[in-house]
Protein chains: 2
Amino acid sequence: MGRNGPVMNPVCCGAQVPCDRCKARDLAVCAVLDEQELQRFSAAATSARLEPGQTLFHEGEPAEEMFSLTEGMIKLYKLLQDGRRQITGFLMAGDFLGLAFGRTYVYSAEAVTPVRLCRFRRAAFLRLLEEMPHLERNLLGRASSELAAAQEQMLLLGRKTARERLATFLLAIAERQHRGDREPVELLMSRSDIADYLGLTIETVSRTLSTMRRVGAITLDGKSRVYIPDRDALRSIAGL
Amino acid sequence: MGRNGPVMNPVCCGAQVPCDRCKARDLAVCAVLDEQELQRFSAAATSARLEPGQTLFHEGEPAEEMFSLTEGMIKLYKLLQDGRRQITGFLMAGDFLGLAFGRTYVYSAEAVTPVRLCRFRRAAFLRLLEEMPHLERNLLGRASSELAAAQEQMLLLGRKTARERLATFLLAIAERQHRGDREPVELLMSRSDIADYLGLTIETVSRTLSTMRRVGAITLDGKSRVYIPDRDALRSIAGL
DNA sequence: CGAGAGGTTGAGCAATCTCAACGGGGGTGG
DNA sequence: CCACCCCCGTTGAGATTGCTCAACCTCTCG
């Protein structure tokens, strides 16, 4: 799969501002790389696209590739045999995935929106990593904040009520989308995805959102646009 | 707080076999360090002890130190303002903690059993890290497996029933303690800790264990010794 | 021996789930 | 262009798991 077309909005290093240096390269990694390193990265990477619903890889498959997202949203999830699903995270432009040091992927990854990403053969990536310690530091920082987010999510799943979960979720999205206090939040994922992320059923998600609307905590525009009139009010519902 | 007494069972690099090189040093990090590096590490570290119930640090405090556990068990947890608690993990000899790249600790840490650990000033540790890229790789590997464990726990908290949670928990402990199929598992933590780890109440934990005993899935000897006659049976209860 | 902490058990309750009906929007085929 | 269908989301009613509150038990410690 080769490069196809210009990159619209590559985001670098998890930062929000697209970085000129990788704009033309469809790379999300360019953290502290110098020009020469960046070229070597480009050489090791190929670009790819996914449509909503398409699977990037399944839990348990041999982890032969690593990816960085340059556009769109991907969900990560784990399944029990009877089909119960837990979504462990939503990734956005600038995020890495597949950084498994084990032999196989420990989760499945599927596109939520149309996605553009950059693939590395695992071995090649690890070789590059070897030679660029500053990149390793960057990855360690990412892993560390992902871990913090995971612990936050454990608190949510283990101890928060449905109301609190939804409130927490909406606030987190608002922050991630850098929405001003007046701007709406866009839910790019389905109710079913939200439910499986929050450890609830779609019915409970739906009911809880309806109640929040009725109470005036949020306004809904269509199914996926959410206005939050008073963020502090929502924060107090979120329980933190 | 200086060194006090001989080290009984330091565990290295998260591996299970104590390593001679750090036995005398009360260090858990000696991964791929050569003799000189190890000496520098010893120089940067001080040793400490904690009694059960003592707190190492609280969520939100400035993260000025990092630790590696050489003996005993520590629990990590997060709180909501009303006191609801989620334990996000139990650490054992060889584990790191406090590896926050942010300014503050993102969780609290408290001793479950008597604990022996090794403290580093954060700045000193990061400096050492800078100079020992192989150590950084080691930490990245640890972070990556912690992340995998966190995702497994999200699946548990979001989607498993009380029975499945307990079964999963017992199996995980059995593995961590490398118990043969006949040997009992030791629950070093209280029912309340187990409940807060599994997102349940102590009553549900107690009832569920009783039921498992009644059904013959486990045998209890006192409050904390658990025999698992048939691990596969328990695995099938665990739902994976 | 009494007090307190930790654990178990019981009864009733409540939050969330399950099952089911219904509605709207978008795509498709006649 | 319209009718139909299907997917997704919403709403309702009843079931169920796990929680709350309370009693009781056991062990340890003073």
Side-chain angles (χ1 to χ4, degrees), chain A residues 51-53 75 80 82-87 110 112-113 156-170 186-215 218-226 237 239, chain B residues 51-53 75 80 82-87 110 112-113 156-170 186-215 218-226 237 239:
Chain A
E51 288 308 308
K75 64 189 174 205
L80 296 172
D82 62 6
R84 278 173 289 171
R85 181 177 70 156
Q86 179 65 41
I87 292 182
E110 184 182 316
V112 173
T113 64
L156 179 149
L157 293 170
R159 290 300 180 216
K160 291 191 181 179
T161 65
R163 272 166 63 81
E164 292 168 337
R165 293 181 199 204
L166 262 302
T168 306
F169 176 66
L170 292 175
E186 289 292 341
L187 303 179
L188 301 171
M189 67 293 285
S190 68
R191 293 290 188 269
S192 160
D193 284 346
I194 297 174
D196 284 348
Y197 181 58
L198 299 179
L200 301 169
T201 58
I202 53 176
E203 292 94 333
T204 298
V205 169
S206 184
R207 270 189 260 274
T208 305
L209 287 176
S210 296
T211 306
M212 288 171 115
R213 178 172 46 66
R214 219 170 304 126
V215 171
I218 59 175
T219 310
L220 292 168
D221 174 11
K223 298 170 194 302
S224 68
R225 186 159 302 161
V226 182
I237 294 179
Chain B
E51 289 309 308
K75 64 190 175 205
L80 295 172
D82 63 6
R84 279 173 288 170
R85 182 178 69 156
Q86 179 66 40
I87 292 183
E110 184 183 317
V112 174
T113 65
L156 179 148
L157 292 170
R159 290 301 181 213
K160 291 190 180 179
T161 65
R163 271 167 64 80
E164 292 168 337
R165 293 181 200 205
L166 261 303
T168 306
F169 177 66
L170 292 175
E186 289 292 342
L187 303 180
L188 301 171
M189 65 294 284
S190 68
R191 294 289 188 271
S192 159
D193 284 346
I194 297 174
D196 285 347
Y197 181 58
L198 298 179
L200 301 169
T201 58
I202 53 175
E203 293 94 332
T204 299
V205 169
S206 184
R207 270 188 261 274
T208 306
L209 287 176
S210 296
T211 306
M212 288 172 118
R213 178 172 48 66
R214 217 171 305 125
V215 171
I218 60 175
T219 310
L220 291 168
D221 173 11
K223 297 170 194 302
S224 70
R225 186 159 301 160
V226 183
I237 293 178

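Values reported hereafter were calculated over all heavy atoms of this structure, with side chains retained and with hydrogens, waters and symmetry mates removed. These numbers were taken from a predicted model, which means no experiment stands behind them. So you know, we letter chains A, B, ... as the sequences are listed, proteins then strands, and number each from 1.
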Does A/Gly199 reach a base, just sugar-phosphate, or nothing at all? Heavy atoms under 4.0 Å. sugar-phosphate
Check the phosphate of D/dT11 against A/Ser210, side-chain N and O only, distance under 4.0 Å to OP1 or OP2. Yes or no? yes
Figure out the CD1/P separation between B/Ile194 and C/dG6, and round it to whole Å. 13 Å
What is the distance from NZ of A/Lys160 to C1' of C/dA15, rounded to the nearest Å? 17 Å
C/dT9 P sits how many Å from B/Glu203 CD, rounded? 12 Å
Of the candidates C/dA20, D/dG18, C/dT16, the side chain of B/Thr204 sits closest to D/dG18
Atom-to-atom span, CZ of B/Arg163 to P of D/dG18 - whole angstrom: 10 Å
Could you please spell out the steps behind the side chain to side chain contact (heavy atoms under 4.5 Å, CB included) verdict for B/Phe169 and B/Leu187? CA-CA 10 Å; B/Phe169 177 66; B/Leu187 303 180; 4.1 Å; yes
Closest approach to the side chain of A/Ser206, judged atom by atom: which nucleotide of D/dG9, C/dC17, C/dT9 is it? D/dG9
Do A/Met189 and A/Thr113 pass the side chain to side chain contact (heavy atoms under 4.5 Å, CB included) test, and can you show the C-alpha distance, the side-chain angles, and the key distance before you say yes or no? CA-CA 8 Å; A/Met189 67 293 285; A/Thr113 64; over 6 Å; no
Tell me the interatomic distance from B/Leu220, atom CG, to C/dT9, atom C1', rounded to whole angstroms. 15 Å
At 10 degrees resolution, what angle do the end axes of the helix from C/dC1-D/dG30 to C/dG30-D/dC1 form when each is taken over five base pairs? 30°
Can you list everything that forms a side-chain contact (heavy atoms from CB on, under 4.5 Å) with B/Thr204? Sequence neighbours excluded, please. B/Ala162, B/Leu200, B/Thr201, B/Thr208
B/Arg84 side chain to A/Arg159 main-chain N or O, any donor-acceptor pair under 3.5 Å? yes
Taking the side chain as everything from C-beta on, heavy atoms only, tell me whether B/Leu220 gets closer than 4.5 Å to B/Val226. yes
Measure the distance from CD1 on B/Ile202 to P on C/dG10 and round it to the nearest whole Å. 16 Å
Among D/dT10, D/dA13, D/dT20, the nucleotide that comes nearest once only the side chain of B/Arg207 is considered: D/dT20
Between D/dG9 atom P and A/Arg225 atom CZ, what is the distance in whole Å? 16 Å
Choose from D/dG12, D/dG9, C/dT16 the nucleotide whose nearest atom is closest to any side-chain atom of A/Ser190. D/dG9
Judged by each residue's nearest nucleotide on DNA chain D, which is more toward the 5′ side, A/Arg159 or A/Ser192? A/Ser192
Would you find a donor on one side and an acceptor on the other, under 3.5 Å apart, between the side chain of B/Arg191 and the backbone of B/Lys223? yes
Separation between OG1 (A/Thr168) and CG (A/Leu198), nearest 0.5 Å, reads 8.5 Å
NA contact type, A/Leu200, heavy-atom cut-off 4.0 Å: base, sugar-phosphate, or nothing? sugar-phosphate
By nearest atom, which of the nucleotides C/dG7, C/dC17, D/dT20 is closest to the B/Arg191 side chain? C/dG7
Nucleotide C/dT9, atom P - distance to CE of B/Met212 in whole Å: 15 Å
